**Q** 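I'd like to ask some things about the structure below.
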Amino acid sequence: AKMQISMTTLRVSSQSQLGETNDAMAMNKELDPIEFHVDPQLVDRGIGVATHIAFLPTVLVLGDEHLNFTHLIAHAALV
């Protein structure tokens with residue numbers, strides 16, 4: 001899946017044998033623009049437990065508010 005962050009918008013696009021999807025979500029915090037690819041199955045493993053998410057230049061971090069769960073997904077930002 002391709003993830004693009006532009007100020008306060010997260011865009012996710014993915015294509016598979018089942019079809020193609022393009023979604024956008026507004027965020028309540030302004031972030032620096034970043035674009036990267038990540039395996040959607042890795043995100044799916046942690047998103048059900050996560051209450052917090054961080055989009056960093058080389059890693060996507062999913063975690064819970066009690067710090068009992070942290071899921072790191074490495075990626076390479078596209079320039």
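Remember, it's a predicted structure, so these values are computed and weren't measured experimentally.
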**Q** Transitively linked via ILVMFWY side-chain contacts under 4.5 Å: Leu10 with Ile47?
**A** yes

**Q** Enumerate the residue pairs fulfilling ring-ring contact (aromatic ring centres under 6.0 Å, His included) with a member in residues 5-33, sequence neighbours excluded, ordered by first and then second residue.
**A** none

**Q** Are Met27 and Phe55 close enough, and set up right, to give a side chain to side chain contact (heavy atoms under 4.5 Å, CB included), and what steps lead you there?
**A** CA-CA 12 Å; Met27 298 184 296; Phe55 302 96; 4.1 Å; yes

**Q** Which residues satisfy the ring-ring contact (aromatic ring centres under 6.0 Å, His included) test with His75, sequence neighbours excluded?
**A** Phe36

**Q** Counting distance only, does the side-chain N/O of Asp23 pair as donor-acceptor with the main-chain N or O of Val12 below 3.5 Å?
**A** no

**Q** Using a 4.5 Å cut-off on heavy atoms from C-beta on, say whether the side chain of Ile73 contacts that of Val43.
**A** yes

**Q** Can you name the nearest heavy-atom pair linking Ala1 to Pro40, along with the distance?
**A** N-CD, 3.7 Å

**Q** Any idea which heavy atoms bring Arg11 and Ala24 closest together, and the distance?
**A** NH1-CB, 3.6 Å

**Q** Do you know the tightest heavy-atom contact between Gln41 and Asp39?
**A** N-OD1, 2.9 Å

**Q** Report yes or no: do Leu42 and Ile34 belong to one cluster of Ile/Leu/Val/Met/Phe/Trp/Tyr joined by side chain heavy-atom distances under 4.5 Å?
**A** yes

**Q** Say you draw a straight line from CD1 of Ile5 to CE of Met25; how long is it, rounded to the nearest 0.5 Å?
**A** 8.5 Å

**Q** What residues form a side-chain contact (heavy atoms from CB on, under 4.5 Å) with Met7, not counting sequence neighbours?
**A** Glu30

**Q** For the residue pair Leu60 and Ile53, establish whether any side-chain heavy-atom pair is separated by less than 4.5 Å.
**A** yes

**Q** Is Leu62 linked to Leu67 within one hydrophobic cluster, defined over Ile, Leu, Val, Met, Phe, Trp and Tyr using a side-chain heavy-atom separation of less than 4.5 Å?
**A** no

**Q** More than 12 heavy atoms of other residues, nucleotides or ligands under 6.0 Å from CD of Glu20: yes or no?
**A** yes

**Q** At what distance, to the nearest 0.5 angstrom, does CG of Asn22 lie from CD of Gln4?
**A** 9.0 Å

**Q** How far apart are the C-alpha atoms of Leu56 and Val61, what are their side-chain angles, what is the distance that settles it, and do they pass the side chain to side chain contact (heavy atoms under 4.5 Å, CB included) test?
**A** CA-CA 8 Å; Leu56 304 172; Val61 183; 4.1 Å; yes

**Q** Given Glu35 and Met3, is the side chain to side chain contact (heavy atoms under 4.5 Å, CB included) satisfied, shown in steps?
**A** CA-CA 6 Å; Glu35 184 176 317; Met3 301 186 107; over 6 Å; no

